[in-house]
Amino acid sequence: MGKSASKQFAEEVLQCHNEFRRKHQAPPLKLSSKLSREAARYAESLASTRILKHSVESSRGSCGENLAWASYDQSGHFTAMVWKSTKNLGVGKATASDGSSFVVARYFPAGNVTNQGHFENNVLPAKATT
């Protein structure tokens with residue numbers, strides 16, 4: 001992907017995340033160029049091996065991670081998208097030799113914490129639309 005295409009893709013992913021976050025009473029995320037560079041680098045790695053697996057935690061620090069692979073575009077894991085205490089998002093996308101896409105989203109601070117109370121405090125019910 002060219003730089004402008006990858007930037008546009010990241011902006012679209014950010015907009016989608018923030019629409020769902022608004023509905024679930026979570027503040028908007030900010031796009032992080034550092035997280036996006038790291039996510040893009042890992043997406044390229046996944047595309048080269050064509051194996052979908054999470055990066056080792058030591059390589060992503062304290063970031064959460066959402067991965068997707070498809071021969072068509074698709075959305076990611078929902079609770080990471082709306083995790084209230086997450087502030088920054090990084091997005092990377094790469095195309096494998098067979099034309100399939102690998103997408104990496106990195107979240108800081110990481111969400112989907114299973115400790116008691118964390119889920120209830122960070123994944124809030126959707127507000128009714130009027």
Only pairs under 3.5 Å count here: list side-chain donor-acceptor contacts from residues 28-35, not counting sequence neighbours, and write none if there are none.
unit_1 : atom_1 : unit_2 : atom_2 : d
Ser32  : OG     : Lys34  : N      : 3.4
Ser32  : OG     : Leu35  : N      : 3.1
Lys34  : NZ     : Glu38  : OE2    : 2.8

* Asked: Quick one: OG on Ser62 to OH on Tyr107, what's the gap to the nearest 0.5 Å?
  -> 15.5 Å
* **Distance, nearest 0.5 Å, that separates NZ of Lys93 from CZ of Phe102** => 12.5 Å
* To do: Could I get the full list of side chain to side chain contact (heavy atoms under 4.5 Å, CB included) partners for Gln25, not counting sequence neighbours?
  => Leu124, Pro125, Lys127
* To do: Output all residues satisfying side chain to side chain contact (heavy atoms under 4.5 Å, CB included) with Glu19, sequence neighbours left out; order by chain, then residue number.
  => Gln15, Arg22
* **Phe108 reachable from Val13 in the ILVMFWY side-chain graph, under 4.5 Å edges** => no
* Ser85 versus His118: any side-chain heavy-atom pair under 4.5 Å? -> no
* Determine which pairs satisfy ring-ring contact (aromatic ring centres under 6.0 Å, His included) with at least one residue from residues 41-68, sequence neighbours left out, and list them in order. => none
* Residues in side chain to side chain contact (heavy atoms under 4.5 Å, CB included) with Ser59, at least two apart? -> Ser55, Val56
* Pairs touching residues 19-40 that satisfy ring-ring contact (aromatic ring centres under 6.0 Å, His included), sequence neighbours left out -> Phe20-Phe78, His24-Phe78
* How far apart are the closest heavy atoms of Ala47 and Ala94, and which atoms are they? -> CB-CB, 3.8 Å
* From Ser6 OG over to Arg37 CZ, what is the distance, rounded to the nearest 0.5 angstrom? -> 11.5 Å
* Asked: About how many Å separate OG1 of Thr95 and CD of Glu44, when rounded to the nearest 0.5 Å?
  -> 8.0 Å
* Return the set of residues passing side chain to side chain donor-acceptor pair (under 3.5 Å) with Arg50 (not counting sequence neighbours), or none when no residue passes. => Asp98
* **Rounded distance (nearest 0.5 Å) linking atom CD of Glu65 with atom CZ of Arg60** => 4.5 Å
* To do: Using side chain to side chain donor-acceptor pair (under 3.5 Å) as the criterion, list what pairs up with Glu57, not counting sequence neighbours.
  => none
* Compare every heavy atom of Ala110 with every heavy atom of Gly64, then report the nearest pair and how far apart it is. => N-CB, 3.2 Å
* Donor-acceptor contact below 3.5 Å, side chain Thr86 vs main chain Pro109 -> yes
* Does Pro27 have any side chain to side chain contact (heavy atoms under 4.5 Å, CB included) partners at least two apart in sequence or in another chain, and if so, which? -> Arg21, Lys84, Lys87
* Set of side chain to side chain donor-acceptor pair (under 3.5 Å) partners for Asn112, sequence neighbours left out -> Thr79
* To do: Locate the shortest heavy-atom distance separating Ala39 from Gly92; write the atom from each residue and the value.
  => CB-N, 3.5 Å
